[in-house]
Amino acid sequence: MKQNLYFSRKNTCVSFILSIFVLYIHANNLNYYAENIVLSKTIETFIGGRIGDIIVPTFFMISGFLFYRNINVQSNCKEIISSKLKKRFHSLVIPYLFWNTFGTFFYMVIPRVPKIGTMISGGAASVTLSNMFEGIFHFKYYFPLWYLFYLIILVYIAPILVWLLKNKKMCVVVLSLLAMGYLVKFELPILSCGSLFFYILGAYLAVYNKEFWMKKEEDSRAFVYLCLLFLMTFFRFFYIENIVGRLFYLISPVFLWKSFDVLSYKTKPSEFMGQSFFIYCAHIIPLTMINKIFVKLFDKMPSDFSAVISYMMSPLCALALLFVIYWLLVTYCKKIYILVSGGRI
(Lines give C-alpha, C1' and ligand atoms only; values in the text may rest on other atoms or scores of the structure.)
Protein backbone atom coordinates (compact mmCIF):
# COMPACT_ATOMS: atom_id res chain seq x y z
CA MET A 1 0.00 0.00 0.00
CA LYS A 2 1.35 3.44 -0.89
CA GLN A 3 2.52 5.49 2.06
CA ASN A 4 0.08 8.39 1.56
CA LEU A 5 -2.89 6.03 1.26
CA TYR A 6 -1.75 4.09 4.31
CA PHE A 7 -1.33 7.29 6.32
CA SER A 8 -4.72 8.63 5.25
CA ARG A 9 -6.54 5.44 6.27
CA LYS A 10 -4.57 5.14 9.48
CA ASN A 11 -5.23 8.76 10.41
CA THR A 12 -8.97 8.30 9.83
CA CYS A 13 -9.14 5.10 11.89
CA VAL A 14 -6.93 6.39 14.69
CA SER A 15 -8.88 9.66 14.96
CA PHE A 16 -12.13 7.69 15.13
CA ILE A 17 -10.84 5.41 17.88
CA LEU A 18 -9.45 8.37 19.81
CA SER A 19 -12.81 10.15 19.53
CA ILE A 20 -14.44 7.12 21.19
CA PHE A 21 -11.93 7.44 24.03
CA VAL A 22 -12.99 11.09 24.36
CA LEU A 23 -16.48 9.78 25.11
CA TYR A 24 -15.02 7.57 27.84
CA ILE A 25 -13.12 10.54 29.27
CA HIS A 26 -16.41 12.40 29.68
CA ALA A 27 -18.48 9.38 30.77
CA ASN A 28 -17.24 9.64 34.36
CA ASN A 29 -20.21 8.80 36.59
CA LEU A 30 -18.64 8.23 40.01
CA ASN A 31 -20.45 11.19 41.59
CA TYR A 32 -23.78 9.47 40.92
CA TYR A 33 -22.98 6.50 43.15
CA ALA A 34 -22.01 5.64 46.72
CA GLU A 35 -18.41 5.91 47.87
CA ASN A 36 -17.64 2.16 48.03
CA ILE A 37 -17.11 1.72 44.28
CA VAL A 38 -13.52 0.52 44.08
CA LEU A 39 -13.81 -1.47 40.84
CA SER A 40 -15.58 1.26 38.84
CA LYS A 41 -13.20 3.90 40.15
CA THR A 42 -10.21 1.80 39.08
CA ILE A 43 -11.62 1.14 35.60
CA GLU A 44 -12.65 4.75 35.01
CA THR A 45 -9.33 6.09 36.23
CA PHE A 46 -7.37 3.75 33.97
CA ILE A 47 -9.48 4.18 30.81
CA GLY A 48 -10.73 7.76 31.11
CA GLY A 49 -7.78 9.01 33.12
CA ARG A 50 -4.46 7.40 32.30
CA ILE A 51 -5.28 6.33 28.74
CA GLY A 52 -7.68 9.22 28.23
CA ASP A 53 -5.25 11.96 29.17
CA ILE A 54 -2.93 11.15 26.26
CA ILE A 55 -5.76 11.30 23.71
CA VAL A 56 -5.92 15.10 23.41
CA PRO A 57 -2.10 15.44 23.21
CA THR A 58 -2.18 12.94 20.36
CA PHE A 59 -4.82 15.05 18.60
CA PHE A 60 -2.60 18.12 19.06
CA MET A 61 0.31 16.26 17.45
CA ILE A 62 -1.84 15.04 14.56
CA SER A 63 -3.17 18.57 14.00
CA GLY A 64 0.32 20.07 14.00
CA PHE A 65 1.55 17.41 11.59
CA LEU A 66 -1.39 17.81 9.18
CA PHE A 67 -1.04 21.60 9.04
CA TYR A 68 2.68 21.64 8.23
CA ARG A 69 3.28 18.40 6.34
CA ASN A 70 3.09 20.00 2.88
CA ILE A 71 4.69 23.34 3.80
CA ASN A 72 8.28 24.09 2.83
CA VAL A 73 9.24 26.41 5.68
CA GLN A 74 12.54 27.29 4.00
CA SER A 75 10.75 28.94 1.07
CA ASN A 76 8.27 31.79 0.78
CA CYS A 77 5.17 30.00 2.08
CA LYS A 78 2.91 32.98 2.75
CA GLU A 79 0.37 31.93 0.13
CA ILE A 80 -0.06 28.36 1.35
CA ILE A 81 -0.22 29.55 4.98
CA SER A 82 -2.86 32.12 4.04
CA SER A 83 -4.83 29.45 2.16
CA LYS A 84 -4.68 27.06 5.10
CA LEU A 85 -5.80 29.74 7.55
CA LYS A 86 -8.82 30.54 5.38
CA LYS A 87 -9.74 26.85 5.25
CA ARG A 88 -9.30 26.51 9.01
CA PHE A 89 -11.72 29.38 9.54
CA HIS A 90 -14.42 27.25 7.91
CA SER A 91 -13.27 23.95 9.42
CA LEU A 92 -12.54 25.17 12.97
CA VAL A 93 -13.80 28.67 13.79
CA ILE A 94 -17.32 28.40 12.35
CA PRO A 95 -18.03 24.99 14.03
CA TYR A 96 -16.54 26.36 17.27
CA LEU A 97 -18.95 29.30 17.27
CA PHE A 98 -21.90 27.14 16.22
CA TRP A 99 -21.45 24.44 18.87
CA ASN A 100 -20.71 26.96 21.61
CA THR A 101 -23.83 28.94 20.68
CA PHE A 102 -25.89 25.75 20.62
CA GLY A 103 -24.43 24.59 23.96
CA THR A 104 -24.89 27.96 25.64
CA PHE A 105 -28.58 28.26 24.75
CA PHE A 106 -29.15 24.57 25.50
CA TYR A 107 -27.85 24.92 29.07
CA MET A 108 -29.75 28.16 29.54
CA VAL A 109 -33.10 26.76 28.36
CA ILE A 110 -33.40 22.97 28.62
CA PRO A 111 -32.60 22.57 32.37
CA ARG A 112 -35.64 24.79 33.02
CA VAL A 113 -37.98 22.37 31.22
CA PRO A 114 -39.84 20.12 33.71
CA LYS A 115 -38.76 16.45 33.78
CA ILE A 116 -36.31 16.87 30.90
CA GLY A 117 -34.24 19.28 32.97
CA THR A 118 -33.45 16.56 35.49
CA MET A 119 -31.41 14.79 32.80
CA ILE A 120 -28.97 17.72 32.62
CA SER A 121 -26.13 18.11 35.12
CA GLY A 122 -25.36 21.40 36.83
CA GLY A 123 -28.71 23.15 36.58
CA ALA A 124 -29.71 26.03 34.32
CA ALA A 125 -27.22 28.72 33.37
CA SER A 126 -28.14 32.33 34.15
CA VAL A 127 -29.29 34.26 31.10
CA THR A 128 -27.02 37.30 31.01
CA LEU A 129 -25.06 39.03 28.26
CA SER A 130 -21.74 38.23 29.95
CA ASN A 131 -22.65 34.55 30.25
CA MET A 132 -23.72 34.45 26.60
CA PHE A 133 -20.47 36.08 25.53
CA GLU A 134 -18.32 33.71 27.62
CA GLY A 135 -20.38 30.74 26.51
CA ILE A 136 -20.14 31.50 22.80
CA PHE A 137 -16.57 32.73 22.62
CA HIS A 138 -14.92 30.94 25.55
CA PHE A 139 -16.64 27.52 25.96
CA LYS A 140 -18.04 28.40 29.43
CA TYR A 141 -20.91 25.92 29.10
CA TYR A 142 -19.93 23.64 26.23
CA PHE A 143 -16.69 22.69 27.94
CA PRO A 144 -15.33 19.97 25.57
CA LEU A 145 -14.55 22.74 23.09
CA TRP A 146 -11.64 23.97 25.19
CA TYR A 147 -9.44 21.86 22.91
CA LEU A 148 -10.83 23.54 19.80
CA PHE A 149 -10.30 26.97 21.37
CA TYR A 150 -6.60 26.27 21.94
CA LEU A 151 -6.21 24.59 18.56
CA ILE A 152 -7.57 27.70 16.84
CA ILE A 153 -4.96 29.81 18.64
CA LEU A 154 -2.20 27.38 17.66
CA VAL A 155 -3.33 27.41 14.03
CA TYR A 156 -3.44 31.20 13.78
CA ILE A 157 0.03 31.73 15.23
CA ALA A 158 1.31 29.87 12.15
CA PRO A 159 3.48 32.82 10.97
CA ILE A 160 5.39 32.66 14.28
CA LEU A 161 5.69 28.87 14.18
CA VAL A 162 6.91 28.91 10.57
CA TRP A 163 9.65 31.32 11.62
CA LEU A 164 10.56 28.95 14.46
CA LEU A 165 10.46 25.82 12.29
CA LYS A 166 12.92 27.34 9.82
CA ASN A 167 15.64 26.89 12.45
CA LYS A 168 15.84 23.22 13.37
CA LYS A 169 18.15 23.72 16.35
CA MET A 170 16.06 26.54 17.75
CA CYS A 171 12.95 24.38 17.37
CA VAL A 172 14.60 21.58 19.36
CA VAL A 173 15.57 24.09 22.06
CA VAL A 174 11.99 25.41 22.28
CA LEU A 175 10.59 21.88 22.46
CA SER A 176 13.06 21.06 25.23
CA LEU A 177 12.11 24.18 27.18
CA LEU A 178 8.40 23.41 26.81
CA ALA A 179 8.99 19.83 27.98
CA MET A 180 10.91 21.11 31.01
CA GLY A 181 8.17 23.64 31.66
CA TYR A 182 5.60 20.86 31.74
CA LEU A 183 7.76 18.67 33.98
CA VAL A 184 8.18 21.43 36.58
CA LYS A 185 4.52 22.54 36.21
CA PHE A 186 5.34 25.97 34.84
CA GLU A 187 2.19 27.87 33.84
CA LEU A 188 2.06 30.01 30.70
CA PRO A 189 -0.53 32.85 30.47
CA ILE A 190 -2.78 31.31 27.75
CA LEU A 191 -1.56 28.09 26.19
CA SER A 192 -0.12 25.37 28.41
CA CYS A 193 3.42 24.08 27.95
CA GLY A 194 1.97 20.66 27.17
CA SER A 195 -0.38 21.87 24.41
CA LEU A 196 2.39 23.91 22.77
CA PHE A 197 4.85 21.03 23.09
CA PHE A 198 2.63 18.45 21.38
CA TYR A 199 1.45 20.73 18.57
CA ILE A 200 4.95 21.98 17.79
CA LEU A 201 6.30 18.42 18.01
CA GLY A 202 3.75 17.37 15.38
CA ALA A 203 4.81 20.33 13.22
CA TYR A 204 8.49 19.50 13.75
CA LEU A 205 7.94 15.90 12.60
CA ALA A 206 6.04 17.18 9.56
CA VAL A 207 8.98 19.37 8.54
CA TYR A 208 12.02 17.30 9.56
CA ASN A 209 10.97 13.68 10.02
CA LYS A 210 7.83 13.07 8.00
CA GLU A 211 8.74 9.45 7.30
CA PHE A 212 8.77 8.60 11.00
CA TRP A 213 5.14 9.70 11.35
CA MET A 214 3.79 8.40 8.03
CA LYS A 215 5.50 5.08 7.41
CA LYS A 216 4.18 1.77 8.72
CA GLU A 217 6.31 0.08 11.33
CA GLU A 218 6.96 -3.64 11.14
CA ASP A 219 4.42 -5.64 13.12
CA SER A 220 7.02 -6.69 15.69
CA ARG A 221 8.12 -3.09 16.31
CA ALA A 222 4.54 -1.86 16.51
CA PHE A 223 3.85 -4.56 19.11
CA VAL A 224 6.88 -3.39 21.12
CA TYR A 225 5.54 0.17 21.00
CA LEU A 226 2.18 -1.14 22.23
CA CYS A 227 3.76 -3.05 25.12
CA LEU A 228 5.88 -0.07 26.16
CA LEU A 229 2.83 2.18 25.97
CA PHE A 230 0.92 -0.17 28.26
CA LEU A 231 3.82 -0.29 30.75
CA MET A 232 4.11 3.51 30.79
CA THR A 233 0.34 3.85 31.26
CA PHE A 234 0.40 1.27 34.06
CA PHE A 235 3.24 3.18 35.75
CA ARG A 236 1.35 6.44 35.45
CA PHE A 237 -1.71 4.82 36.99
CA PHE A 238 0.17 4.65 40.29
CA TYR A 239 2.61 7.56 39.93
CA ILE A 240 0.75 10.20 37.95
CA GLU A 241 2.56 13.17 39.55
CA ASN A 242 5.95 11.46 39.65
CA ILE A 243 8.55 13.18 37.44
CA VAL A 244 9.02 9.91 35.54
CA GLY A 245 5.26 9.61 35.10
CA ARG A 246 5.12 13.14 33.68
CA LEU A 247 7.98 12.30 31.34
CA PHE A 248 6.11 9.19 30.17
CA TYR A 249 3.11 11.45 29.50
CA LEU A 250 5.21 13.56 27.11
CA ILE A 251 6.33 10.60 25.01
CA SER A 252 3.19 8.44 25.24
CA PRO A 253 1.38 10.06 22.26
CA VAL A 254 4.23 9.06 19.93
CA PHE A 255 4.08 5.50 21.24
CA LEU A 256 0.29 5.54 20.91
CA TRP A 257 0.49 6.58 17.26
CA LYS A 258 3.12 3.95 16.50
CA SER A 259 1.15 1.28 18.38
CA PHE A 260 -1.68 1.59 15.88
CA ASP A 261 0.61 0.10 13.22
CA VAL A 262 -0.38 -3.30 14.61
CA LEU A 263 -3.45 -2.82 12.39
CA SER A 264 -3.25 -3.15 8.60
CA TYR A 265 -5.68 -0.52 7.20
CA LYS A 266 -6.09 -2.49 3.98
CA THR A 267 -9.77 -1.63 3.63
CA LYS A 268 -11.19 1.85 3.21
CA PRO A 269 -12.72 3.22 6.44
CA SER A 270 -16.46 3.81 6.48
CA GLU A 271 -17.77 7.34 5.99
CA PHE A 272 -18.86 7.54 9.63
CA MET A 273 -15.33 6.70 10.78
CA GLY A 274 -14.26 9.91 9.08
CA GLN A 275 -16.56 11.94 11.32
CA SER A 276 -14.43 12.04 14.48
CA PHE A 277 -14.71 15.85 14.56
CA PHE A 278 -18.52 15.66 14.61
CA ILE A 279 -18.41 12.99 17.32
CA TYR A 280 -16.14 15.21 19.41
CA CYS A 281 -18.31 18.31 18.94
CA ALA A 282 -21.71 16.67 19.42
CA HIS A 283 -21.15 14.00 22.07
CA ILE A 284 -21.38 15.67 25.46
CA ILE A 285 -25.15 16.29 25.73
CA PRO A 286 -26.28 12.85 24.45
CA LEU A 287 -23.64 11.18 26.61
CA THR A 288 -24.72 13.03 29.77
CA MET A 289 -28.38 12.20 29.24
CA ILE A 290 -27.68 8.52 28.47
CA ASN A 291 -25.54 8.32 31.60
CA LYS A 292 -28.44 9.64 33.67
CA ILE A 293 -30.79 7.09 32.08
CA PHE A 294 -28.46 4.24 33.05
CA VAL A 295 -28.29 5.55 36.62
CA LYS A 296 -32.08 5.34 36.88
CA LEU A 297 -32.24 1.93 35.18
CA PHE A 298 -29.65 0.41 37.52
CA ASP A 299 -30.65 2.13 40.76
CA LYS A 300 -31.57 -1.21 42.39
CA MET A 301 -28.29 -2.92 41.51
CA PRO A 302 -25.13 -2.78 43.65
CA SER A 303 -23.45 0.59 43.08
CA ASP A 304 -20.08 -0.75 41.94
CA PHE A 305 -21.55 -3.14 39.38
CA SER A 306 -24.07 -0.64 37.99
CA ALA A 307 -21.42 2.08 37.77
CA VAL A 308 -19.16 -0.17 35.68
CA ILE A 309 -22.00 -1.21 33.34
CA SER A 310 -23.13 2.39 32.97
CA TYR A 311 -19.59 3.62 32.30
CA MET A 312 -18.84 0.98 29.68
CA MET A 313 -22.20 1.18 27.88
CA SER A 314 -23.01 4.92 27.90
CA PRO A 315 -20.32 5.94 25.36
CA LEU A 316 -21.32 3.12 23.00
CA CYS A 317 -24.99 4.10 23.19
CA ALA A 318 -24.05 7.75 22.66
CA LEU A 319 -21.96 6.76 19.65
CA ALA A 320 -24.91 4.84 18.18
CA LEU A 321 -27.17 7.85 18.71
CA LEU A 322 -24.61 10.15 17.08
CA PHE A 323 -24.51 7.83 14.08
CA VAL A 324 -28.30 8.16 13.71
CA ILE A 325 -28.06 11.97 14.00
CA TYR A 326 -25.20 11.98 11.47
CA TRP A 327 -27.19 9.83 9.02
CA LEU A 328 -30.31 11.98 9.34
CA LEU A 329 -28.38 15.22 8.83
CA VAL A 330 -26.40 13.92 5.86
CA THR A 331 -29.53 12.44 4.28
CA TYR A 332 -31.97 15.27 4.85
CA CYS A 333 -29.97 18.37 5.90
CA LYS A 334 -26.60 17.99 4.23
CA LYS A 335 -25.80 21.70 4.16
CA ILE A 336 -26.36 21.94 7.89
CA TYR A 337 -24.10 18.98 8.50
CA ILE A 338 -21.39 20.51 6.34
CA LEU A 339 -21.63 23.66 8.49
CA VAL A 340 -21.51 21.94 11.89
CA SER A 341 -18.77 19.50 10.87
CA GLY A 342 -16.54 22.09 9.29
CA GLY A 343 -16.95 20.57 5.86
CA ARG A 344 -15.82 17.11 6.94
CA ILE A 345 -18.04 14.86 4.86
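All values below come from the heavy atoms of this structure, side chains included, with hydrogens, waters and symmetry mates left out.
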Looking at [Y], is its backbone amide N or carbonyl O close enough to the side chain of [X] to form a donor-acceptor pair, meaning the two atoms are under 3.5 Å apart?
X: S8; Y: N4; answer: no
X: E187; Y: S192; answer: no
X: R236; Y: F248; answer: no
X: Y96; Y: F137; answer: yes
X: S19; Y: F16; answer: yes
X: N291; Y: Y311; answer: no
X: K216; Y: Y6; answer: no

Problem - Qualifying residue, where the test is ring-ring contact (aromatic ring centres under 6.0 Å, His included) with F65 and the options are Y199, Y204, F7 - result: F7
Problem - Among F223, F230, Y225, ring-ring contact (aromatic ring centres under 6.0 Å, His included) partner for F255 - result: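 Single pass found, and it is Y225.
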Problem - Joint hydrophobic cluster, Y208 plus L164, side-chain heavy atoms closer than 4.5 Å - result: yes
Practice task
Say whether I54 and I240 are linked into one hydrophobic cluster, either directly or through other cluster members, by side-chain heavy-atom distances under 4.5 angstrom.
Solution key: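 In one cluster with I54: I240, no.
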What I'd like to find out is whether the side chain of [X] reaches to under 4.5 Å of the side chain of [Y], using heavy atoms alone.
X: N131; Y: T128; result: yes
X: I55; Y: L256; result: yes
X: F60; Y: L154; result: yes

Handout entry: Ring centroid separation F272 to Y326 under 6.0 Å
Key =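 Ring-ring flag for F272/Y326: true, centres closer than 6.0 Å.
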Practice task
Decide if the gap between the ring center of Y239 and the ring center of F235 is smaller than 6.0 angstrom.
Solution key: yes
Exercise for the section: Indicate whether any N or O donor in one side chain lies under 3.5 Å from an N or O acceptor in the other, for Y337 and Q275. Expected result: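 Their side chains do contain a donor-acceptor pair, which is all the 3.5 Å distance test asks for.
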